[in-house]
A.B. asks: 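The structure's right below; bear with me while I get my questions together.
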Amino acid sequence: MNVTGDQALVKKLNKSIVLERIRLHAPLSRAQLSSQTGLNKATVSNLVAELITDGLVYETGLGESSGGRKPLMLLFNSRAGFVLGIEVSVQYIKGALTDLAGTIETELTFPLAQHDPAFVMEQIQRLVQELMQTIPPSPHGIVGIGLGVPGMVDESGTVLFAPNLGWEEVPLRQQLEEELGLPVVVDNEANVGAQGELYYDMDSDHRQLVRDLVYISAGSGIGAGIIIDGKPFQGAWGYAGETGHMSIDWNGRLCSCGSRGCWELYASEKAYAASAFKLPAHSTAELLPFALQGDTNTLSVFRDIGRYLGVGITNIVNSLNPGMLIIGGPLAEARPWLEQSMREVIDERALPYHRRQLQIRFSTLGSRSTMLGAAYAATAPFLGRVRVSL
């Protein structure tokens with residue numbers, strides 16, 4: 001099949017490449033950009049001039065001379081605009097106002113008393129309105145909104161199935177764009193969480209080395225964001241990563257998805273309500289102070305959750321053989337009390353060659369991975385990232 005592009009598409013692609021290079025590797029001179037992108041100097045100069053006019057790039061200082069006049073260096077203006085990254089969870093909605101580099105300006109959390117789509121929509125709009133009141137001056141203002149939701153989402157931003165919310169066929173993106181008048185991106189919360197880890201928890205050099213990554217979002221449920229060869233893996237129809245609903249007990253507890261023995265019933269915050277131990281609270285954030293005080297029941301439950309996390313992670317490692325696996329979400333905050341039991345199970349059960357060079361770590365973004373990944377998902381279209389596939 002022949003794939004062609006008109007002059008406007010080629011220019012958009014080149015402009016995206018130049019901006020991405022400056023964003024990730026600044027400070028750079030025009031000559032360096034020409035050398036690194038393969039574009040001729042005249043093309044680079046024209047594209048840089050447009051980016052400066054757009055307010056996305058600015059000149060600063062003088063670089064090292066290679067024999068002639070010292071060049072002006074180019075930097076990315078991360079405060080040319082702002083985005084909103086929002087996580088919709090079972091117990092809360094959480095949002096952040098960030099600049100175009102993911103630096104958080106303001107963040108808010110609202111509890112979710114009910115999961116009716118109309119009520120959740122009202123709360124999202126309220127969250128957006130409050131965050132927008134804190135926007136600093138910028139050339140472009142709010143350029144987009146990204147949402148991560150605990151369910152399967154299609155390309156149009158419709159939430160097809162979110163069992164923990166009780167949603168089916170909710171056109172979230174369409175409704176929000178109509179109400180807010182801004183571009184909206186909606187994706188599975190673990191998918192955007194993986195992007196948050198890749199783009200906001202790693203430097204550019206490290207990112208180049210991590211080509212295969214699985215991000216486990218462990219909170220009110222469990223999901224997985226999968227990066228293969230540096231790109232998000234969506235599966236044949238876009239629904240990959242529902243690892244929380246793989247069975248680890250064929251005749252186990254009944255799950256809201258309709259199956260039994262699903263991983264998230266044993267290795268997420270759902271385990272608190274089902275525990276035989278009497279717990280002083282039923283959310284990770286509320287249990288952490290009791291763990292610090294050495295509460296026996298709390299510590300026992302965290303150890304059990306760690307073991308069950310290890311069982312599911314073993315299945316993922318044996319199936320996908322990732323180079324890195326990152327655990328994020330609210331349960332990542334309980335690392336001191338669940339990591340040892342989790343690693344013991346993985347060491348015992350994962351195939352030796354699969355885990356020989358595997359890196360397993362807990363997110364340093366903690367429970368912010370999804371929120372920041374959603375912000376990145378809203379930033380990328382504005383920055384003109386062009387995807388070309390054959």
A.B. asks: Tell me the closest heavy-atom pair linking G196 and L365, and the distance in Å.
C.D. replies: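 So the minimum-distance heavy-atom pair works out to O-CD1, 3.6 Å.
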A.B. asks: Between Q123 and R126, is a side-chain hydrogen bond (donor to acceptor under 3.5 Å, both in side chains) present by the stated rule, with each step listed?
C.D. replies: CA-CA 5 Å; Q123 296 305 301; R126 178 181 156 219; 3.1 Å; yes
A.B. asks: If you take all heavy atoms of S220 and S89, which pair is closest and at what distance?
C.D. replies: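 Closest approach of S220 to S89: OG-OG, 3.3 Å.
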A.B. asks: For a quick test of reading the model, state the closest non-hydrogen atom pair linking L100 to N77 and the distance between them.
C.D. replies: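 Scanning both residues completely, I find the closest heavy atoms to be CD1-O, 4.3 Å.
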A.B. asks: So S268 and Y308, side-chain hydrogen bond (donor to acceptor under 3.5 Å, both in side chains) or not? Walk me through it.
C.D. replies: CA-CA 9 Å; S268 76; Y308 281 115; over 6 Å; no
A.B. asks: Can you say whether the rings of F302 and W337 are parallel (under 30°), tilted (30 to 60°) or perpendicular (over 60°)?
C.D. replies: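 Ring orientation of F302 relative to W337: parallel.
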A.B. asks: Would you say M371 ends up clustered with V90 if hydrophobic residues are merged whenever their side chains have heavy atoms under 4.5 Å apart, either directly or through other cluster members?
C.D. replies: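 No, no single cluster joins them.
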A.B. asks: Restricting to non-hydrogen atoms, name the atom on P136 and the atom on E105 that form the minimum distance, rounded to 0.1 Å.
C.D. replies: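 Here P136 and E105 meet closest at CG-OE1, 3.7 Å.
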A.B. asks: Going through the distances and angles, do E189 and S217 end up as a side-chain hydrogen bond (donor to acceptor under 3.5 Å, both in side chains)?
C.D. replies: CA-CA 8 Å; E189 52 92 20; S217 173; 2.7 Å; yes
A.B. asks: Is a side-chain donor or acceptor of S35 paired with a backbone partner of A31 at a separation under 3.5 angstrom?
C.D. replies: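 Side chain of S35 to backbone of A31, a donor-acceptor pair under 3.5 Å: no, none is there.
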A.B. asks: Apply side-chain hydrogen bond (donor to acceptor under 3.5 Å, both in side chains) to residues Q129 and Q125 and explain how you reach the verdict.
C.D. replies: CA-CA 6 Å; Q129 289 166 1; Q125 291 180 50; 4.9 Å; no
A.B. asks: Would you say E269's side chain and T284's backbone share a donor-acceptor pair under 3.5 angstrom?
C.D. replies: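 Judged by distance alone, yes, a pair lies under 3.5 Å.
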A.B. asks: Mind checking salt bridge (Lys or Arg N to Asp or Glu O under 4.0 Å) for E59 and listing every partner two or more places apart, or none if nothing turns up?
C.D. replies: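 Expected list: R30.
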A.B. asks: Can you check whether N318's main-chain N or O pairs, donor with acceptor, with N315's side chain at less than 3.5 Å?
C.D. replies: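 Judged by distance alone, no pair lies under 3.5 Å.
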A.B. asks: So, for G252 and R260, which heavy atoms are closest and what is the spacing to 0.1 Å?
C.D. replies: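 For G252 versus R260, the nearest heavy atoms are O-NH1, 3.1 Å.
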A.B. asks: Should we say atom CD of Q36 is surrounded by more than 12 heavy atoms from elsewhere, each under 6.0 Å from it?
C.D. replies: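 Above 12, so yes.
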A.B. asks: For Q357, look at atom CD and say whether over 12 heavy atoms of other residues, nucleotides or ligands are found less than 6.0 Å away.
C.D. replies: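 Open.
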A.B. asks: Of all the heavy-atom pairs spanning A374 and V192, show the shortest one and how long it is.
C.D. replies: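 Reported closest heavy-atom pair: N-CB, 3.7 Å.
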A.B. asks: Please check this pair: side chain of T134 against backbone of L131, looking for a donor-acceptor N/O pair closer than 3.5 Å.
C.D. replies: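 Flag set: sc T134 to bb L131 pair under 3.5 Å.
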A.B. asks: My understanding is that a hydrophobic cluster links ILVMFWY residues whose side chain heavy atoms are under 4.5 Å apart, including indirect links. Using that, what else belongs to the cluster containing L75?
C.D. replies: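 In the cluster with L75 are Y58.
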